[in-house]
Amino acid sequence: MIGVRQFRWPDYDAVAELWKSAGRDVLSRHELETKLLRDPQLFLVAEADEAVVGVVLGTYDGRRGWILRLAVDPTRRRHGIATRLIGELEQRFTALGCPRVNLLVLPEDDGALRFWQALGYLPFPDVLCSKPMAAPR
Ligand SMILES: CC(C)(COP(=O)(O)OP(=O)(O)OC[C@H]1O[C@@H](n2cnc3c(N)ncnc32)[C@H](O)[C@@H]1OP(=O)(O)O)[C@@H](O)C(=O)NCCC(=O)NCCS
């Protein structure tokens, strides 16, 4: 039985392992503390047999939602866990009045692209531009 709920701090080590197993950077506790001040209800985990088996980090800036760091335990994939996580996250975006949700996928990541397209997330031609900001003085 899969359950989806909001992240709690005792989940951190399991979430870090999921991100590592998916080849993703692990967000530090400090970065997550800052995120959780803003919209903690959008940081979700999936649980099965009391183990954390999936994670997704949503953010909402008041105009657009973003989906980040989705990862499912490699031994539990293709059982609908990511679909459950995104379904719950979408309900939470809707409850906030969020009109559109974006996410980034590497163009060569065929599995992830197929997953997102199965859920109705379609590619846009925009190019991501990014610049690091200086640390506050
Ligand atoms: C992508 C990922 C999150 C999918 O998680 P999941 O729990 O296996 O996904 P689901 O079981 O909910 O898949 C739903 C549907 O998406 C599609 N899908 C999912 N993974 C797929 C894959 N590797 N190849 C092709 N289609 C896929 C299928 O249509 C699937 O339905 P089906 O199993 O009945 O055919 C998981 O493979 C993962 O953690 N990958 C590494 C991290 C990653 O790529 N994250 C996303 C970055 S943008």
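Please read these numbers as outputs of a predicted model, since none were measured by experiment. Every number for a ligand or one of its atoms is a count from 1 in the order of the listing. The figures here come from the full heavy-atom set of this structure, side chains too, leaving out hydrogens, waters and symmetry mates.
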What is the closest protein heavy atom to atom 48 (S) of ligand 1, and at what distance does it sit? Trp116 NE1, 3.3 Å
Looking at side-chain heavy atoms only, is the closest gap between Val101 and Arg64 below 4.5 Å? no
For atom 43 (C) of ligand 1, what's the nearest protein heavy atom and its distance? Leu70 O, 3.8 Å
For atom 20 (N) of ligand 1, the protein heavy atom that lies nearest, with its residue and separation: Arg78 CD, 3.6 Å
Do Ile2 and Ile86 share a hydrophobic cluster (ILVMFWY, side-chain heavy atoms under 4.5 Å, transitive)? yes
Contact between Ile86 and ligand 1, counting heavy atoms under 4.0 Å? no
Between Trp19 and Ala71 (side chain of the first, backbone of the second, donor and acceptor by atom type, cut-off under 3.5 Å), is there such a pair? no
According to side-chain hydrogen bond (donor to acceptor under 3.5 Å, both in side chains), who are the partners of Glu31, at least two apart in sequence or on a separate chain? Ser28
Polar proximity ligand 1 side, Thr83 side, N/O cut 3.5 Å exclusive: yes
Can you list the atoms of ligand 1 that are under 4.0 Å from a heavy atom of His79? 11 (O)
Closest approach of Val45 and Val15, non-hydrogen atoms and distance? CG1-CG2, 3.8 Å
Identify the protein heavy atom lying closest to atom 16 (O) of ligand 1, giving its residue, its atom name and the separation to 0.1 Å. Phe115 CD1, 3.3 Å
Heavy-atom side-chain proximity of Tyr121 to Asn102 below 4.5 angstrom: no
In terms of hydrophobic clustering (I, L, V, M, F, W, Y; side-chain heavy atoms under 4.5 Å; direct or indirect links), are Phe7 and Leu89 co-clustered? no
Considering only protein heavy atoms, which is closest to atom 44 (O) of ligand 1, and at what distance to one decimal place? Asp109 OD2, 3.6 Å
Assigning hydrophobic clusters by single linkage (Ile, Leu, Val, Met, Phe, Trp, Tyr; side-chain heavy-atom cutoff under 4.5 Å), is Val53 placed with Leu18? no
Only heavy atoms of Ala22, strictly under 4.0 Å: list the atoms of ligand 1 that pass. 41 (C), 42 (C)
For atom 6 (P) of ligand 1, what is the closest protein heavy atom, and at what distance to 0.1 Å? Ala82 CB, 3.6 Å
With distance as the sole test, does Lys35 use its side chain to make a donor-acceptor pair with the main-chain N or O of Gly58 at under 3.5 Å? yes
Given that the side chain starts at C-beta and the backbone is N, CA, C, O, which of these parts of Arg84 lies under 4.0 Å from ligand 1, counting heavy atoms, or is it both or neither? neither
Which pair of heavy atoms, one from Gly3 and one from Arg84, lies closest together, and at what distance? CA-NH2, 4.3 Å
Consider every N or O of Val72 and every N or O of ligand 1, then say whether any pair is closer than 3.5 Å. yes
What atoms of ligand 1 come closer than 4.0 angstrom to any heavy atom of Gly80? 10 (P), 11 (O), 12 (O)
Pairs satisfying ring pair (Phe, Tyr, Trp, His ring centres under 6.0 Å), at least one member in residues 46-102, at least two apart: none
Identify, by atom number and element, the atoms of ligand 1 in contact range of Leu104, meaning under 4.0 Å from any of its heavy atoms. 48 (S)
If you scan protein heavy atoms around atom 47 (C) of ligand 1, the nearest is Arg24 NH1, 4.0 Å
Heavy-atom nearest neighbour in the protein, as seen from atom 40 (N) of ligand 1, with distance rounded to 0.1 Å: Arg77 CZ, 3.6 Å
Have a look at ligand 1 and work out which part of Leu103, if any, has a heavy atom under 4.0 Å from it: side chain, backbone, both or neither. neither
Can you find an N or O of Ala71 that's nearer than 3.5 Å to an N or O of ligand 1? no
Grab the two heavy atoms, one from Arg5 and one from Glu47, that are nearest each other, plus how far apart they are. NH2-OE2, 3.1 Å
Ala112 neighbourhood, listing ligand 1 atoms whose heavy-atom distance to it stays under 4.0 Å: 44 (O)
